[in-house]
Engineer: 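To start, I am sharing the structure in question, which I have written as structure tokens.
Heavy atoms only: backbone and side chains are in, while hydrogens, waters and symmetry mates are out.
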There are 6 protein chains.
Amino acid sequence: MRIRVINPNTTAAMTALIGESARSVAAPDTVIEAVNPQMGPASIESHYDEALSVPGLLAEIARGEAEGVDGYVIACFGDPGLDAARELARGPVIGIAEAGMQYASHLGRRFSVVTTLARTAGRAWELAERYGMERFCANVHACEIPVLELEDPKARKVIADACREAVAADDSDAVVLGCAGMADLCEFLTAEVGVPVVDGVAAATLTVQSLVTMKLRKSGRGEFAAPLPKKYVGLLADFGIEEKEAQA
Amino acid sequence: MRIRVINPNTTAAMTALIGESARSVAAPDTVIEAVNPQMGPASIESHYDEALSVPGLLAEIARGEAEGVDGYVIACFGDPGLDAARELARGPVIGIAEAGMQYASHLGRRFSVVTTLARTAGRAWELAERYGMERFCANVHACEIPVLELEDPKARKVIADACREAVAADDSDAVVLGCAGMADLCEFLTAEVGVPVVDGVAAATLTVQSLVTMKLRKSGRGEFAAPLPKKYVGLLADFGIEEKEAQA
Amino acid sequence: MRIRVINPNTTAAMTALIGESARSVAAPDTVIEAVNPQMGPASIESHYDEALSVPGLLAEIARGEAEGVDGYVIACFGDPGLDAARELARGPVIGIAEAGMQYASHLGRRFSVVTTLARTAGRAWELAERYGMERFCANVHACEIPVLELEDPKARKVIADACREAVAADDSDAVVLGCAGMADLCEFLTAEVGVPVVDGVAAATLTVQSLVTMKLRKSGRGEFAAPLPKKYVGLLADFGIEEKEAQA
Amino acid sequence: MRIRVINPNTTAAMTALIGESARSVAAPDTVIEAVNPQMGPASIESHYDEALSVPGLLAEIARGEAEGVDGYVIACFGDPGLDAARELARGPVIGIAEAGMQYASHLGRRFSVVTTLARTAGRAWELAERYGMERFCANVHACEIPVLELEDPKARKVIADACREAVAADDSDAVVLGCAGMADLCEFLTAEVGVPVVDGVAAATLTVQSLVTMKLRKSGRGEFAAPLPKKYVGLLADFGIEEKEAQA
Amino acid sequence: MRIRVINPNTTAAMTALIGESARSVAAPDTVIEAVNPQMGPASIESHYDEALSVPGLLAEIARGEAEGVDGYVIACFGDPGLDAARELARGPVIGIAEAGMQYASHLGRRFSVVTTLARTAGRAWELAERYGMERFCANVHACEIPVLELEDPKARKVIADACREAVAADDSDAVVLGCAGMADLCEFLTAEVGVPVVDGVAAATLTVQSLVTMKLRKSGRGEFAAPLPKKYVGLLADFGIEEKEAQA
Amino acid sequence: MRIRVINPNTTAAMTALIGESARSVAAPDTVIEAVNPQMGPASIESHYDEALSVPGLLAEIARGEAEGVDGYVIACFGDPGLDAARELARGPVIGIAEAGMQYASHLGRRFSVVTTLARTAGRAWELAERYGMERFCANVHACEIPVLELEDPKARKVIADACREAVAADDSDAVVLGCAGMADLCEFLTAEVGVPVVDGVAAATLTVQSLVTMKLRKSGRGEFAAPLPKKYVGLLADFGIEEKEAQA
């Protein structure tokens, strides 16, 4: 089984870290391919960045489809382009907010999300609602560390403090990490905070692996059928879908 | 006052039609500038098309900001890129689903949406929820006419029939047209169907005009502050925001 | 176009102030007629006052209909009698809570309401729910200034403080003023508080103007059809609707 | 214990019928006083009628308070004036929609409402939401018999048919009668329809009796405290509350 | 009329106290039979205890049915086994959380629940949602006194303090006591706290009495029809329902 | 890794079938132990059966804990005893409704549930709400085949028809099988119906396996901490938890 884990930003160091997290939980015979787009933002910290990460992400899905990949993880907590990716892919596509929140829902009455910048909290709430996880989400907390500074050695302590304060304020049973760039902190934080801390990258990887194992894939008709053939122009001309592709 | 009405697809005929609808309701001293992106899909009929219409749309917003435009309409019923556009623009940005549904909410207990292809209904429901309009939205109905065939003379009758059936099935007090390409049918349909039929292009234009008149614009801080400076690479390199731009 | 802005209480000074707010945003060819009922409470600060403001308000609507008025604003934040007024009027009737909250929903993720007495907060929440605005309403705050003391020079500072505290507590993107008597403070408060402050009187006036411009009016059938002919007795005998009136 | 059951319309025959229903379930030592206002509509079939029934209803509450009444039933399925009445009364005030729906919620998973005219269904849904009963309310059905024709011998069959069809369409466990004027049909309909049929007049009477027995009455502070002293003018001048009354 | 009030734990002292509360409000001709199961936990303070209280509770219902009891109260704030009991009983079965919350909903905009241990708060919220009372429930507060120590003379003060703090924090109009073992504190707490304090045992007793008075009982078909005949084995073999019983 | 899959009814043939389904998806090094209780109902088709299946189920969990089992599946679509089981177990416990619905939520906009008897639909809706899956659940359909007759060769066709009708009526993207006894029909039905058909047993097994792989287990404090030590009497005396056990 081949699972492509797509970091939708263009920072290779983060792609590597995300790949590690996915590999640490995947089954021995599951091949994890961690990639990032060839175009787009170095990190995703606004609706603007998120919107503009999507063309590159979709190019990776298209490439994966051509190469026979079985399923995909979108490894950014805004789950950018999820619906479009599901139209494009034949196999499952799972976002890390989607999987992280669902796994946390099994661990108690409610969870806290701890994310990077406060300005991304609105999107996290939107996703919680979309996935039916709003009732489990006690609150979304920011540690105000930019995505590309998460690797700074001082960041660990700030994040641990944010988690601890979140759990105390929300009386929550678990923490969901609100950024793929925190994936390597999971074990450290669980020990520090005293409640389970969920990394969405691992969770999404296992959800994809499970869906592929169960041979569950979309029906091919309706809302998530392949995109219709369509002429595209300008910079994005190559994204247009030819009549014959669509029939394939 | 200058309002830029952006048709997010690249079909100029539809842009012209949309401009007409906006002009027909705008105040005498409001200048309506109807534009469409230089890149992207010829029509928007899937999540994929919608996602890939956004870069071109955002380029239009950026150009508008440079030119001192006062506010923007996003003239596609999926309201693509709305959040990103709001970060980028200083003045108001309104989607036609947003405005169309809100205007219809003033006309009775509930409305029906009549859209093009059934596969877009999921997105319409998502937006209804987002705008708090779910409680007013009785149902979303499709007439199964592709966007670029709306101008076909036979389309009018099919759409009128769909509206009539929707109102009967939902016992609804109004119809919201689910595509900017139907903007010119509004008067015809109101007469045919016997309940008010709302064109989101006109509604959004008037909402922008009203917000500008009231001098209401976002605060500049928080979730919808300008996007952070960020390096972008590849095809979309020009979308990156320089440190100094961000400070401006 | 003639828009009648009805202050549902009987205090003429407040009616004048409300008229000013409406006129400040209306189009040059829109005539604003600010009126108040001939009967009822001097101010509205309870469910009791609100209920008893309605007969006088409906009398004004009936008078407006006889005089060919195009649309109406109900200029009290409890939106009293809105449904009954919509039955009676042929053109649009908009409440200031309805319009104020909807305009604020375009300005960010969530707004705070700042109202007069805390005992009116329950009604504000009820309306937020009714209009689908509950998801945008962070909280309702009271400044505890009675309606008829809003003009006191000291009130401005108290209200500004309440707005500032509301925005800080709610991390909100806008403030909606919870009383028509605050309409003249809008610009002052926006400057003081640093987020957009929305006056429902102006917002509702522009919504009515827009609906009339778009020729959108209720269908004439169903829940909001004209009230049925009915015999009324006692003090309110004149409110009864004759068979022949109903047919007109 | 004295319970005043107020029919908010001015039709004495209906008041008598409502009184019978209340008396048929009240405890032996509970005195039921069925009254109707001296002013207002002969029947309530629109938002307009409902709004204008309230002054007369509130006059009855005020009279009841002067006479030491222990609690009140508002015997119209729109529960008109409930909040205002609760401010005015020291003891409990219960609406028949409120009590009817809550009793029905004990009888199964969901109930159907069967009401008079379809145009009143919107209000029934609004109340279901307000009381938290929306989740139990399968649907609201109309038999299209005007309130004052419910006594017509042919009405019984039409209503029974509407109940039967409602239960079949909704697969519901109970029926709530949507008009006080149907109170005498309860036993007949239960036998005809095969599921329990709930009369809100009886239910509300027993709820008031229970609250008085438990000595439960509002706290006297907050939203439902007595209305503030206030000057009223015109036809409704007598409804104004004097400073000294308010202190009493 | 015979109402059986079932304390689902096996502590006889608490059963006696619960019986007193029920008797204090029941009509003179209503016989209150307070009982507790012959098996199960001494008190209910976890989901585990609650689940295991149900077999004994159902045995009491079965015994009551054999003896012609008219209706039942489940006197534990988790309302354990309510659905199963409703299948088994011909007459009404009401839980004390259900009735307590519904009575409190008549007393103002919102109530606070004050319960024993914090770990039971999740269940209280779940029930609030189930009964449609979530919108009235401001919050659930714990006094952290175990059920079997409620009779300790020091407990009264701790509970009164918890109620007072709850009302202040929630700005609530009433308190619902979150444990049947607090039933005797109702009058004391109402006096101490200044808002009405609702005992669910009394409320549920009166609800059952009212339903029996109105002759309202489930329809006999659908979800709450009698359990199907079924073979049971092991310790619980006697709970199996024979074919012929089911037909009776 | 050892996962115990508990069939909460006492029918061994069904336990075997459930074990097969779990084994068919589990990783090679995951040991699946399919068991059923020693007491309780032969099948679960009512709230009564469900409530009485719980003691036997909890005994299996207790036995599993003593034997070092890593996680548990509750293999009945009512997810009986889930909260109590989570208190008792150190590792994850997942219900098949919970997992089946969550997996289906990844496959499109909405799913249909196809269950055995119509009387169980209410419980399925309750669980959908609890897990946040209500928004994905289009409807719950019954095939009216009793649980113990699912193995009848004729059942397959009836179920396939019910699935096909459900998908057509709901325009849904997937089917969730509403009974563990249908687990072996999954592949057959997917082929017949043309949309993915989800077996909750496999889904729950993989969810448990994933949670154990990620080392995610409840925090040990709060609502799902181990049950408190407590004296139990009668038939269920052995379920009481000793002081020293609780400390262990």
Engineer: Flag the pair Asp83(C) and Arg130(C) as a salt bridge only when some basic side-chain nitrogen lies within less than 4.0 angstrom of an acidic carboxylate oxygen.
Structural biologist: yes
Engineer: Hey, are Lys230(C) and Asp49(D) close enough for a salt bridge, meaning a charged N less than 4.0 Å from a carboxylate O?
Structural biologist: yes
Engineer: With only heavy atoms counted, which part of Leu148(C) is less than 4.5 Å from chain D, the side chain, the backbone, both or neither?
Structural biologist: neither
Engineer: What part of Leu52(D) is in contact with chain C, defined as an atom under 4.5 angstrom from a non-hydrogen atom: side chain, backbone, both or neither?
Structural biologist: both
Engineer: Quick one: closest heavy-atom pair of Glu144(D) and Pro146(D), and the distance?
Structural biologist: O-CD, 3.8 Å
Engineer: State which residue, out of Arg63(D), Arg90(D), Glu60(D), Arg4(D), fulfils the side-chain contact (heavy atoms from CB on, under 4.5 Å) condition with Val69(D).
Structural biologist: Arg4(D)
Engineer: Given the options Ala51(C), Gly40(C), Ala42(C), Gly234(C), which has more heavy-atom pairs under 4.5 Å with chain D than any of the others?
Structural biologist: Gly40(C)
Engineer: Give a yes or no on whether a salt bridge exists between Arg119(D) and Glu87(C), defined as a side-chain N under 4.0 angstrom from a carboxylate O.
Structural biologist: yes
Engineer: Under 4.5 Å from any heavy atom of chain D, what part of Arg123(C) do you find: side chain, backbone, both or neither?
Structural biologist: backbone
Engineer: Give, as side chain, backbone, both or neither, the part of Leu117(D) having an atom under 4.5 angstrom from any heavy atom of chain C.
Structural biologist: side chain
Engineer: Quick check on Ala225(C) against chain D: is it the side chain, the backbone, both or neither that has a heavy atom closer than 4.5 Å?
Structural biologist: both
Engineer: Less than 4.5 Å to any heavy atom of chain D: does that hold for the side chain of Gln38(C), its backbone, both, or neither?
Structural biologist: backbone
Engineer: Which of the residues Tyr48(C), Phe224(C), Phe239(C) is involved in the greatest number of heavy-atom pairs with chain D at under 4.5 angstrom?
Structural biologist: Tyr48(C)
Engineer: Tell me, side chain or backbone of Ser53(D) under 4.5 Å from chain C's heavy atoms, or both, or neither?
Structural biologist: neither
Engineer: Between Leu88(C) and chain D, which part of the residue has a heavy atom less than 4.5 Å away: side chain, backbone, both or neither?
Structural biologist: side chain
Engineer: If the contact rule is any heavy atom under 4.5 Å from chain C, which residues of residues 7-17 of chain D qualify, in numerical order?
Structural biologist: Thr10(D)
Engineer: Is it true that the side chains of Glu33(C) and Tyr72(C) contain a donor and an acceptor less than 3.5 Å apart?
Structural biologist: no
Engineer: Looking at every non-hydrogen atom in both residues, tell me the closest pair between Ala169(C) and His141(C) and how far apart they are.
Structural biologist: CB-CE1, 4.5 Å
Engineer: Can you tell me which portion of Leu235(C) sits under 4.5 Å from chain D's heavy atoms? Options are side chain, backbone, both or neither.
Structural biologist: both
Engineer: Assess whether side chain to side chain donor-acceptor pair (under 3.5 Å) is satisfied between Asp170(D) and Ser112(D), documenting all intermediate values.
Structural biologist: CA-CA 7 Å; Asp170(D) 300 345; Ser112(D) 305; 2.7 Å; yes
Engineer: If you tally heavy-atom pairs under 4.5 Å against chain D, which of Gly122(C), Pro55(C), Ser43(C) wins?
Structural biologist: Ser43(C)
Engineer: Output, in order, the C-alpha distance, side-chain angles, deciding distance and verdict of side-chain contact (heavy atoms from CB on, under 4.5 Å) for Leu185(D) and Ile159(D).
Structural biologist: CA-CA 9 Å; Leu185(D) 302 177; Ile159(D) 298 169; 3.5 Å; yes
Engineer: Search all heavy atoms of Leu57(D) against all heavy atoms of Pro37(D) and return the closest pair with its distance.
Structural biologist: N-CG, 3.8 Å
Engineer: With the threshold set at 4.0 Å, does a side-chain nitrogen-carboxylate oxygen contact exist between Glu149(D) and Lys154(D)?
Structural biologist: no
Engineer: Give the intermediate values and the outcome of side-chain contact (heavy atoms from CB on, under 4.5 Å) for residues Ile61(D) and Ile6(D).
Structural biologist: CA-CA 9 Å; Ile61(D) 302 272; Ile6(D) 308 176; 3.8 Å; yes
Engineer: Please classify the contact between Thr120(C) and chain D as side chain, backbone, both or neither, with a heavy-atom cut-off of under 4.5 Å.
Structural biologist: neither
Engineer: Measure Val233(C) against the heavy atoms of chain D and call it side chain, backbone, both or neither at under 4.5 Å.
Structural biologist: both
Engineer: When you look at Tyr131(C) and Glu126(C), which way does the side chain to side chain donor-acceptor pair (under 3.5 Å) test go after all the steps?
Structural biologist: CA-CA 9 Å; Tyr131(C) 302 132; Glu126(C) 222 166 71; over 6 Å; no
